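This structure is a prediction, so every number in the text was calculated from the model and none was measured.
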Amino acid sequence: MNVREIRAHLRRELAGTGVDPADADLMAAEIATNAILHTASGRPGGRVWLTVIVSPERARIEITDQGGTPKEPQIPHSASLNGRGLLIVQELADRWGWTRDASGRTTVWFELPRTGETPPRNSRTSI
């Protein structure tokens, strides 16, 4: 499992969209790292799915883990040295949230505005 691969793929998908690649990269890395640290995605053979949806107004990035944890994604209430990834997402994204499906897989998503001319498109990759 390699967060570097997720970041590289995301940058390719967002090229020409007008989305700030640095912000998208940082948020995706934080979410993917959480998935690898806290779910079955970090075990041998584990996967993380990256979905990029580009509409005329915005890009939505979704990262789905393999499940295996009852904990819900949350922003810590105290000034902890750890667990600030979702705080970064909250501050940089236009919108963000999460869902969990019946199999226990959690998807954390965020949206950013776009200004580029690239037409809308969708992609989903398992990394």
Side-chain angles (χ1 to χ4, degrees):
M1 183 55 50
N2 190 332
V3 173
R4 185 177 302 156
E5 291 175 57
I6 293 167
R7 295 168 70 185
H9 185 77
L10 179 61
R11 284 184 177 263
R12 285 191 301 273
E13 289 296 318
L14 293 177
T17 64
V19 171
D20 183 331
D23 285 353
D25 183 88
L26 175 61
M27 289 185 280
E30 291 290 342
I31 295 167
T33 298
N34 284 345
I36 292 165
L37 289 175
H38 301 293
T39 75
S41 295
R43 297 183 191 142
R47 305 300 264 166
V48 173
W49 290 267
L50 171 66
T51 303
V52 179
I53 303 165
V54 179
S55 73
E57 298 84 26
R58 62 187 58 252
R60 179 178 174 119
I61 292 86
E62 301 176 350
I63 297 175
T64 303
D65 65 39
Q66 244 179 302
T69 184
K71 294 176 17 178
E72 296 181 352
Q74 60 184 349
I75 297 170
H77 291 61
S78 64
S80 170
L81 292 177
N82 296 323
R84 294 189 203 168
L86 290 179
L87 181 59
I88 291 169
V89 173
Q90 176 179 287
E91 293 301 314
L92 295 178
D94 273 9
R95 296 176 0 149
W96 79 279
W98 64 275
T99 61
R100 182 167 288 152
D101 67 18
S103 68
R105 292 181 177 166
T106 300
T107 298
V108 178
W109 57 268
F110 61 90
E111 294 179 353
L112 294 168
R114 64 179 296 253
T115 58
E117 297 299 321
T118 304
R121 65 180 182 271
N122 300 328
S123 75
R124 180 165 187 172
T125 303
S126 172
I127 299 176

Engineer: Where do Pro113 and Val19 come nearest, in terms of heavy atoms and distance?
Structural biologist: O-CG2, 3.6 Å
Engineer: Hey, mind stepping through Thr64 and Val48 against side chain to side chain contact (heavy atoms under 4.5 Å, CB included) and telling me if it holds?
Structural biologist: CA-CA 6 Å; Thr64 303; Val48 173; over 6 Å; no
Engineer: Give, for atom CD of Glu111 and atom CD1 of Ile53, the distance between the pair rounded to the nearest 0.5 Å.
Structural biologist: 8.5 Å
Engineer: What distance separates Leu112 CG from Glu57 CD, expressed to the nearest 0.5 Å?
Structural biologist: 14.0 Å
Engineer: Could you measure the distance from the CE atom of Met27 to the CG atom of Leu10? Nearest 0.5 Å is fine.
Structural biologist: 9.0 Å
Engineer: Donor-acceptor pair, Ser41 side chain versus Gln66 backbone, under 3.5 Å?
Structural biologist: yes
Engineer: Is it true that a side-chain atom of Arg114 and a backbone atom of Ser55 form a donor plus acceptor pair closer than 3.5 Å?
Structural biologist: yes
Engineer: Side-chain contact, heavy-atom cut-off 4.5 Å: Phe110 with Gln90?
Structural biologist: no
Engineer: Would you give the length of the straight line joining atom CD1 of Ile31 to atom OG1 of Thr107, rounded to the nearest 0.5 angstrom?
Structural biologist: 10.5 Å
Engineer: Find out whether Leu50 and Glu62 are in side-chain contact, i.e. whether some heavy atom of one side chain is under 4.5 Å from a heavy atom of the other.
Structural biologist: no
Engineer: Any chance you could measure Thr39, atom OG1, to Asn34, atom CG, to the nearest 0.5 Å?
Structural biologist: 9.5 Å
Engineer: Under the criterion salt bridge (Lys or Arg N to Asp or Glu O under 4.0 Å), which of Arg12, Arg4, Arg11 is the partner of Asp25?
Structural biologist: Arg11
Engineer: Shared ILVMFWY cluster between Ile61 and Leu87, side chains joined below 4.5 angstrom?
Structural biologist: yes
Engineer: If you define the side chain from C-beta out and look only at heavy atoms, does anything of Arg100 sit under 4.5 Å from Pro73?
Structural biologist: yes
Engineer: Does the side chain of Lys71 reach to within under 4.5 Å of the side chain of His38, using non-hydrogen atoms?
Structural biologist: yes
Engineer: Side chains of Leu14 and Pro21: does their closest heavy-atom pair fall under 4.5 Å?
Structural biologist: no
Engineer: Please tell me if the side chains of Glu30 and Leu26 come closer than 4.5 Å, counting only heavy atoms from C-beta onward.
Structural biologist: yes
Engineer: Tell me, with the steps shown, if Trp109 and Arg95 meet side chain to side chain contact (heavy atoms under 4.5 Å, CB included).
Structural biologist: CA-CA 8 Å; Trp109 57 268; Arg95 296 176 0 149; 3.8 Å; yes
Engineer: Does Asp65 use its side chain to pair, donor to acceptor, with the backbone of Thr106 at less than 3.5 Å?
Structural biologist: yes
Engineer: Distance from Ile63 atom CD1 to Thr33 atom OG1, nearest 0.5 Å?
Structural biologist: 9.0 Å
